[in-house]
Amino acid sequence: MTPDITAEPRRRRPSWPALVGFFLTAVAAVTGGWSLQEFCWSTWLSGLVFSWTCVVMTALQLPLSIRKDRSRYERVLPALRRAPDGAVVVAVSAASAAAACLALWIYSYLFGFYGLFLSVFAAMEPGELFGQNGFINSDFVTPVLYLASAYWPMALGVLIASARGCLRGDPWTRILLPLRAEVIRIHVFILALPFAALVAWLLLGERFHGLAIVLLSALLFLFSRPREQR
């Protein structure tokens with residue numbers, strides 16, 4: 001029977017990694033008394049950590065898969081057929097390292113833009129790091145380290161929930177064209193989150209930040225996850 005190519009992608013039920021990620025984030029947010037602005041910035045941190053982790057894991061995976069994929073490299077570069085194994089390992093390792101450095105720089109630049117966006121629509125204390133005139137005048141590393149020390153449970157939860165996205169598929173595609181479905185979903189969530197937080201504040205009020213964060217966490221971790229291709 002011919003498959004229906006017009007059918008929408010099937011949605012998979014929340015897996016246990018997604019449930020673990022949701023639990024870590026929800027517990028940390030409620031017990032820590034996070035505000036909606038803090039949740040926005042913790043989502044920014046989580047997206048950055050996930051993106052960086054995917055790049056690093058792919059760069060490490062490529063040299064380890066040289067023996068299995070050598071015939072593929074030889075089709076692209078026939079000169080490699082005469083090269084010894086050691087030379088091929090060095091060449092692929094150098095190429096993957098260069099591609100990883102480029103991808104890390106691109107993600108840092110992209111999340112720098114997101115940080116400017118959040119500093120306008122989700123400004124929080126300390127203002128010298130996350131205020132409207134703070135993030136743009138601070139270095140990139142200091143805000144990241146500050147957020148990592150305070151909101152690491154959500155970053156860890158996103159890594160647990162989305163770890164398969166860092167390992168599946170063709171590694172060169174992941175490192176050269178890193179905007180896969182899972183990464184795009186996180187990026188869109190970061191951009192939409194300040195407006196969702198504003199709506200939650202209007203509907204629930206400031207006293208119910210915890211409830212709003214739990215609902216938004218459920219949306220991030222448990223819903224709208226497309227079935228990943230193998």
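Side chains included, hydrogens not; waters and symmetry mates left out as well; all remaining heavy atoms used.
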Undergrad: Under the side chain to side chain donor-acceptor pair (under 3.5 Å) rule, what pairs show up with a residue in residues 110-120, not counting sequence neighbours?
TA: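 As it turns out, the side chain to side chain donor-acceptor pair (under 3.5 Å) pairs with a partner in residues 110-120, which skip direct neighbours, are Y114-H187.
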
Undergrad: Between the side chain of S42 and the main-chain N/O of F39, is any donor-acceptor distance below 3.5 Å?
TA: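 Present.
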
Undergrad: Does any N or O in the side chain of W44 come within less than 3.5 Å of the main-chain N or O of I190, such that one atom is a donor and the other an acceptor?
TA: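 No: the side chain of W44 does not pair with the backbone of I190.
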
Undergrad: Determine, using the 4.5 Å side-chain heavy-atom cutoff (strictly less than), whether V158 and L145 are members of one ILVMFWY cluster.
TA: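 Hydrophobic grouping puts V158 apart from L145.
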
Undergrad: Nearest 0.5 angstrom please: T53 OG1 to L48 CG, how far?
TA: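 The distance works out to 9.0 Å.
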
Undergrad: Is it possible for you to say whether L193 and L191 belong to one hydrophobic cluster, with membership spreading through side-chain heavy-atom contacts below 4.5 Å?
TA: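 L193 clusters together with L191.
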
Undergrad: For residues 122-130, please give each side-chain donor-acceptor pair under 3.5 Å, one per line with the distance, not counting sequence neighbours.
TA:
| from | atom 1 | to | atom 2 | distance (Å) |
| --- | --- | --- | --- | --- |
| E125 | OE1 | G127 | N | 3.2 |

Undergrad: Let me check something: do F113 and L147 share a hydrophobic cluster, defined by ILVMFWY side-chain heavy atoms less than 4.5 Å apart, either directly or through other members?
TA: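 Looking at the clustering, L147 is in the same group as F113.
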
Undergrad: Tell me every residue that passes side-chain contact (heavy atoms from CB on, under 4.5 Å) with V27, counting only those two or more places apart in sequence or in another chain.
TA: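 Partners of V27 by the side-chain contact (heavy atoms from CB on, under 4.5 Å) criterion, ordered by chain and then number, come out as F23, T31.
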
Undergrad: May I ask you to check whether W41 and F135 place their ring centres under 6.0 Å from each other?
TA: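 Yes: the rings meet the under 6.0 Å criterion.
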
Undergrad: Quick test of your reading: applying side chain to side chain donor-acceptor pair (under 3.5 Å), list the pairs with at least one residue in residues 138-161, sequence neighbours left out, ordered by first then second residue.
TA: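 Every side chain to side chain donor-acceptor pair (under 3.5 Å) pair that includes a residue of residues 138-161, provided the two are not neighbours, is E38-Y151, D139-T142.
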
Undergrad: So, using ring-ring contact (aromatic ring centres under 6.0 Å, His included) as the criterion, who are the partners of Y109 when residues are at least two apart?
TA: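 Residues passing ring-ring contact (aromatic ring centres under 6.0 Å, His included) with Y109: W105.
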
Undergrad: So, taking the atom named CG in L45 and the one named SG in C40, what distance separates them when rounded to the nearest 0.5 Å?
TA: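 L45 atom CG to C40 atom SG measures 13.0 Å (nearest 0.5 Å).
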
Undergrad: Of all residues at least two apart in sequence or in a different chain, which pass the side-chain contact (heavy atoms from CB on, under 4.5 Å) check with F195?
TA: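 Checked F195 against side-chain contact (heavy atoms from CB on, under 4.5 Å); matches are F117, F121.
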
Undergrad: Nearest 0.5 Å, please: how far is OG1 in T25 from CZ in F221?
TA: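 Reported to 0.5 Å precision, the distance equals 3.5 Å.
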
Undergrad: Should W52 and I106 be regarded as members of a common hydrophobic cluster, given that ILVMFWY residues are connected when their side-chain heavy atoms come within less than 4.5 Å of each other, either directly or indirectly?
TA: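 No.
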
Undergrad: To the nearest 0.5 Å, what is the distance between CE on M57 and CG on L159?
TA: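 Spacing of CE (M57) from CG (L159) equals 10.0 Å.
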
Undergrad: Check whether more than 12 heavy atoms from other residues, nucleotides or ligands sit under 6.0 Å from atom CD1 of I136, and answer yes or no.
TA: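 For I136, atom CD1 is not crowded (no more than 12 foreign heavy atoms under 6.0 Å).
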
Undergrad: In chain order, what residues pass the side-chain contact (heavy atoms from CB on, under 4.5 Å) check against V120, with sequence neighbours excluded?
TA: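 V120: no side-chain contact (heavy atoms from CB on, under 4.5 Å) contacts found.
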
Undergrad: To check you understand the geometry: which heavy-atom pair defines the closest contact between I213 and S35, and what is its length?
TA: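 Minimum heavy-atom contact is CD1-O, 3.5 Å.
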
Undergrad: The criterion is side-chain contact (heavy atoms from CB on, under 4.5 Å); which residues satisfy it with I160, sequence neighbours excluded?
TA: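 For I160, the residues satisfying side-chain contact (heavy atoms from CB on, under 4.5 Å) (neighbours in sequence not counted) are P17, V20, L24, L156.
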
Undergrad: Does the side chain of V56 reach to within under 4.5 Å of the side chain of L60, using non-hydrogen atoms?
TA: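 In short, these two side chains touch, coming nearer than 4.5 Å.
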
Undergrad: Partners of F22 by ring-ring contact (aromatic ring centres under 6.0 Å, His included), sequence neighbours excluded?
TA: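 F22 satisfies ring-ring contact (aromatic ring centres under 6.0 Å, His included) with no other residue.
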
Undergrad: Shared ILVMFWY cluster between F140 and V55, side chains joined below 4.5 angstrom?
TA: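 In one cluster with F140: V55, yes.
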
